[in-house]
Structure formats: structure tokens, C-alpha cells
Enquirer: 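Quick one: this structure, given as C-alpha cells, is what I'll be asking you about.
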Amino acid sequence: MSSPMRIGIAGLGTVGIGVVKLIRKHARDLERRSGRKVEIVAVSARNRKKVRGIVLSGYEWVKDPLDLVNNPDIDVIVELIGGSEGVARDLVTAALMAGKHVVTANKALLAHHGHELALLADKQKVSLCFEAAVAGGIPAIKALREGFAANDIQAVRGILNGTCNYILTNMRESGRDFRDVLKEAQAKGYAEANPAFDVDGIDAAHKLALLTALAFGIKPDMDSLETTGIRHITASDIAHATELGYRIKLLGLCRREGTRLIQSVEPCLVPEQSALGGVEGVLNAVQVRGDFVGQGWLVGRGAGEGPTASAVVADLIDIARGHRVPVFGIPARQMKVGNFASTDILEGHFYMHVVVRDQPGVLAQIAAILRDHKVSVEAVLQRGRDPGKPVSIVMTTHKVKQADMRRAASKISGLSLVKGKPCLMRIEQD
Ligand code: HSE
């Protein structure tokens, strides 16, 4: 039997505590599966006195997480602090420079600095693993980097944020508005007190940037990622989408379009009967299309103590086994800058919801703009009759260039009879 693999954990929030519990509970199985004991040597967190519900007295307590790196008894640093800068970045950089393996759940760090850290990991011949950074318990990273590695990947789509999926599902089930449901999600602990990272799509964007890098062998690139959140989705949008046979999902999408790549995070309509349409509540899903494998997909819990700890410890098992693969699936020096295009080059069907003053001729004005932008309408819904008052007009279109559709929506929002901005979403087929 080889010598034990000794780890230091920085960050003892929900995930850190989950990792400690898992390693204790499955100690014997971990040893059998990795051929070595996996031992926690030291831990570090901001507040030593915080009640965490488990006994930590068996581990050395380190005040400054960087001291974990200086401890010669530690082989692997588990970084669960979070954030793209500051302590987390310093710790991961120092650990790699010191020749220690790193396991992290930090999507922001890797989305912004993944390439430079991967170069360092390659140089030092150590692992930098981040399974827990994307879709929690779903082995999406391993699937793309290893399971689907034989394919030319054409597209990846995912429901990558459980908070948004919970809110959208709950809005549909209860008929309530975004604000109401968000408040309830915060009370239940499904949404943070500051929900911006989740509901503005930033968390999903970090995750998508990592999936895009793995899928296409390019550097993670947040700058060319178009991100739209879900704050503007109304109960009325959800009801209309349902009536038309769709669900609204915050989708992360990267895809080859000819020689270009696109990546975006945005709310889309998906058929209610489709694979993604059935992924409800806090669940996440990742769908991969490869040239030989066809469509493959994974679904499961994307956050929380158990699922995220499961992903962190899976990475630790790989390291203990001596299974080292390039951070993003290819040597870091071969990772190129992606040749990205705007999602304007996409073609698709669209959903558009316009609130207008109920008055003869308004539909004709909208139709004229659509005609001028070569947008062909598939279906129109207009409910109720309230002369002079705001009413909803909802349309779906035939296939159209996204650029034309956006231009048309912008023109429509300038009409004097139109209230506010039209809500425009692409309809993603299966
Ligand atoms: N807040 C995220 C979510 C999990 O709701 O899916 C961590 O990235």
C-alpha cells in the first residue's frame, strides 16, 4: 500500500464541511478505490469559532490558508474559499508553484485565470482539478475532458444554475412573479442574500466558460460570453410559454457555427416535452453533442453540501490514483484564443412578448416592422380586450437571423403604443 495522500482544506463553509464528512464516512472505500489512505492534515477558515456541527480538533488549524502550502506534510490543497481574486487566487497559485496538487470548486477563479493556472500546473506536473466548479455533483468536467474526448464536440448546452431553475420552476407552478419567488427562495436558503451572481447569469457564465474551454480546447473567455439573467422574466411570460408548450430555462450554450464559436447564457424557451424541459427545480443538466457519440447528457444536483463534496472527493481520488490529465484536456500551451462571434449569427425561432396599448392598428404596426426585417410570424396570442389599456401580444416566429430579430424588437420598442421593452427569447429545439 502506498503512503497516505495528505490534504489541507482551505474554506469550511457548506462544501468544506461536506468534504470533511465524506472523507470520514467513506474512509475505507476511498482507500480501496484509490489505493492509498486519504487523510486530512490541516484546515483553515476565516472564523475558528463558528459552529460547524462537526469535530475538527483532530486537524491542525491554520489561520492563514497560505500556510497550508508551506506545510511539507500536505500533498494536496483543497481550495473552497471562492472568488476570482485575493486569497483564493494567491493560494492556488502558491500551491501550484510549490508543486502541490490543487482541487478547487472555484468557477470564477478558473473562468478568469484558468489558462495561466493551467500553464503553471503543466509546468509543475501537478493536477489542478475543478469538477465541483461546474454543475456540482454532475461529472460534467470529467465527461467532457475524458468520456467524450474522442469526439469533435459541436455543442454543449446546460442548465447550470440551480437557483434560477428553482425560481423559474416555482414561478410556473405558483403563477407568482420573480420578486416574490426570489424572496421565498432566499428564505429557504436556495438563493443568496445578494442574488446577483445567480439571477444575473454570472455564476452560469463562469461555468459555461469552463465547459466551452474544455469542449473546444480554447482559453476560458469571459469577455466574449453574452450573459442575460432572469430578472426581466414575468409571470405572464411563463404563462404564455406554458400555453405554447414550452418551459423557460436559463441556458448556457456554446456551439460551433461554421468556423466560429458562440457562447451565451440567456433565458430560452425549450419544448416542455424535451430533455431540458423536464429538468425542474434545483436540478442542473449538461447536454453534449459530439460527432461520433451523438447527443449525450447528464442531469443531477448542481449545488449543496453532498453533491459538491462528492465532486471534490472524486477529484481527490483521481489524484490519489496518480491519474493526471491536462487541466482543460489538452496541454495548456496549445490552448488558443477562441474565434468567437456574436450570437447575432445564430438562426432560430423566437418568442416575443410585447405589451401594447389596446388600440386598432397596433398589431399592424408591429407586423410591418417584422415584415421589414424579414421576420415571419408562426403564431400570435392576444388575450383580453381593454381599449386604451395595456394588453399583451405574444408571438412566435419561423426561423430568422437573431440579428434581424433583435433589430426588429428594438424598432418595436420605439413605437409609441408599446410599453417598455419587448421580451425576446430564442426557442431552443432539442
Ligand atoms: N449558486 C449556484 C446554483 C451553485 O444555484 O446553482 C454554485 O455555483
Side-chain angles (χ1 to χ4, degrees), residues 11-19 78-84 88 103-114 129-141 156-171 178 181-214 220 222 225 227-231 233 248-253 265-268 276 279-287 298-315:
L12 289 173
T14 308
V15 180
I17 293 301
V19 170
V78 178
E79 185 275 305
L80 302 171
I81 297 167
S84 63
V103 174
T104 178
N106 191 336
K107 63 224 84 166
L109 175 68
L110 286 164
H112 288 283
H113 306 294
C129 302
F130 57 99
E131 187 61 68
V134 179
I138 307 179
I141 302 299
V156 180
R157 293 192 304 187
I159 294 174
L160 301 172
N161 186 273
T163 305
C164 288
N165 209 37
Y166 171 85
I167 291 172
L168 292 169
T169 302
N170 202 300
M171 284 173 72
F178 172 80
V181 175
L182 171 62
K183 248 190 225 156
E184 187 190 288
Q186 285 169 320
K188 286 187 172 166
Y190 291 151
E192 305 281 341
N194 176 357
F197 252 58
D198 290 320
V199 301
D200 293 333
I202 301 159
D203 172 80
H206 287 147
K207 295 167 179 168
L208 183 75
L210 301 179
L211 294 179
T212 310
L214 282 161
M222 288 295 292
L225 209 162
T227 306
T228 309
I230 63 164
R231 286 184 203 262
I233 308 286
I248 299 176
K249 299 287 171 194
L250 182 72
L251 287 191
L253 165 78
V265 167
E266 59 190 312
C268 294
L276 291 172
V279 177
E280 295 278 57
V282 294
L283 289 180
N284 281 198
V286 176
Q287 210 173 41
L298 301 127
V299 63
R301 292 183 73 91
E305 180 182 301
T308 316
S310 157
V312 168
V313 179
D315 280 343

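Ligands are counted one by one from 1 in listed order, and the atoms in each one are counted from 1 as well. Since the structure is predicted, the reported quantities are computational estimates derived from the model, not experimental observations.
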Enquirer: If you round to the nearest 0.5 Å, how far is CE of M171 from CD1 of I230?
Expert: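 These two atoms lie 7.0 Å from each other.
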Enquirer: Hey, does N284 come in under 3.5 Å of ligand 1, counting only N/O atoms on both sides?
Expert: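 No.
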Enquirer: Give a yes-or-no answer on whether the side chains of E79 and T104 include a donor-acceptor pair shorter than 3.5 Å.
Expert: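 Per modelled atom types, E79 and T104 side chains form a pair under 3.5 Å.
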Enquirer: What is the nearest protein non-hydrogen atom to atom 8 (O) of ligand 1, stated with its residue, atom name and distance?
Expert: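 Ranking protein heavy atoms by distance from atom 8 (O) of ligand 1, first comes K107 NZ, 2.6 Å.
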Enquirer: If you look at every heavy atom in A111 and A209, which pair is closest and at what distance?
Expert: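 Scanning both residues, the minimum pair turns out to be CB-CB, 4.2 Å.
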Enquirer: Measuring from the heavy atoms of H206, does anything fall under 4.0 Å of ligand 1?
Expert: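 The answer is no: ligand 1 sits nowhere under 4.0 Å from a heavy atom of H206.
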Enquirer: Output the distance between atom CD (E280) and atom NZ (K249), rounded to the nearest 0.5 Å.
Expert: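 Interatomic distance, E280 CD to K249 NZ, rounded to 0.5 Å: 3.5 Å.
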Enquirer: At what distance, to the nearest 0.5 angstrom, does CG of N106 lie from CD1 of I81?
Expert: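 CD1 of I81 is found 8.5 Å from CG of N106.
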Enquirer: Tell me which protein heavy atom sits closest to atom 5 (O) of ligand 1, plus the residue, atom name and distance to 0.1 Å.
Expert: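 Ranking protein heavy atoms by distance from atom 5 (O) of ligand 1, first comes T163 OG1, 2.5 Å.
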Enquirer: Using a 4.0 Å cut-off to any heavy atom of D203, which atoms of ligand 1 qualify?
Expert: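 Those of ligand 1 that fall under 4.0 Å from D203 are 2 (C), 7 (C), 8 (O).
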Enquirer: So does R301 have more than 12 non-hydrogen atoms from other groups sitting under 6.0 Å from CZ?
Expert: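 No - once you tally the heavy atoms of other residues, nucleotides and ligands closer than 6.0 Å, there are 12 at most.
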Enquirer: With heavy atoms under 4.0 Å as the rule, classify the contact between D198 and ligand 1 as side chain, backbone, both or neither.
Expert: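 The answer is the side chain of D198.
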Enquirer: Below 4.0 Å, non-hydrogen atoms only: which portion of N161 touches ligand 1? Side chain, backbone, both or neither.
Expert: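 Looking at N161 and ligand 1, atoms from backbone and side chain both fall under 4.0 Å.
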Enquirer: Touching ligand 1 at all, E192? Heavy atoms, strictly under 4.0 Å?
Expert: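 The answer is no: ligand 1 sits nowhere under 4.0 Å from a heavy atom of E192.
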Enquirer: Should the pair H112 and H206 be assigned to parallel (<30°), tilted (30 to 60°) or perpendicular (>60°) ring geometry?
Expert: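 Perpendicular.
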Enquirer: Can you find a pair of side-chain heavy atoms, one from T212 and one from V156, that are under 4.5 Å apart?
Expert: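 When only atoms from C-beta onward are counted, V156 and T212 do not touch, as no gap falls below 4.5 Å.
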Enquirer: State the atoms of ligand 1, each with its element, that fall below the 4.0 Å cut-off from a heavy-atom position in K207.
Expert: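 Result: 2 (C), 4 (C), 6 (O), 7 (C), 8 (O).
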Enquirer: Where is the nearest protein heavy atom to atom 6 (O) of ligand 1: which residue, which atom, and how far?
Expert: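 That would be G162 N, 2.7 Å.
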Enquirer: Hey, does A303 come in under 3.5 Å of ligand 1, counting only N/O atoms on both sides?
Expert: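 Min N/O separation from ligand 1 is not below 3.5 Å for A303.
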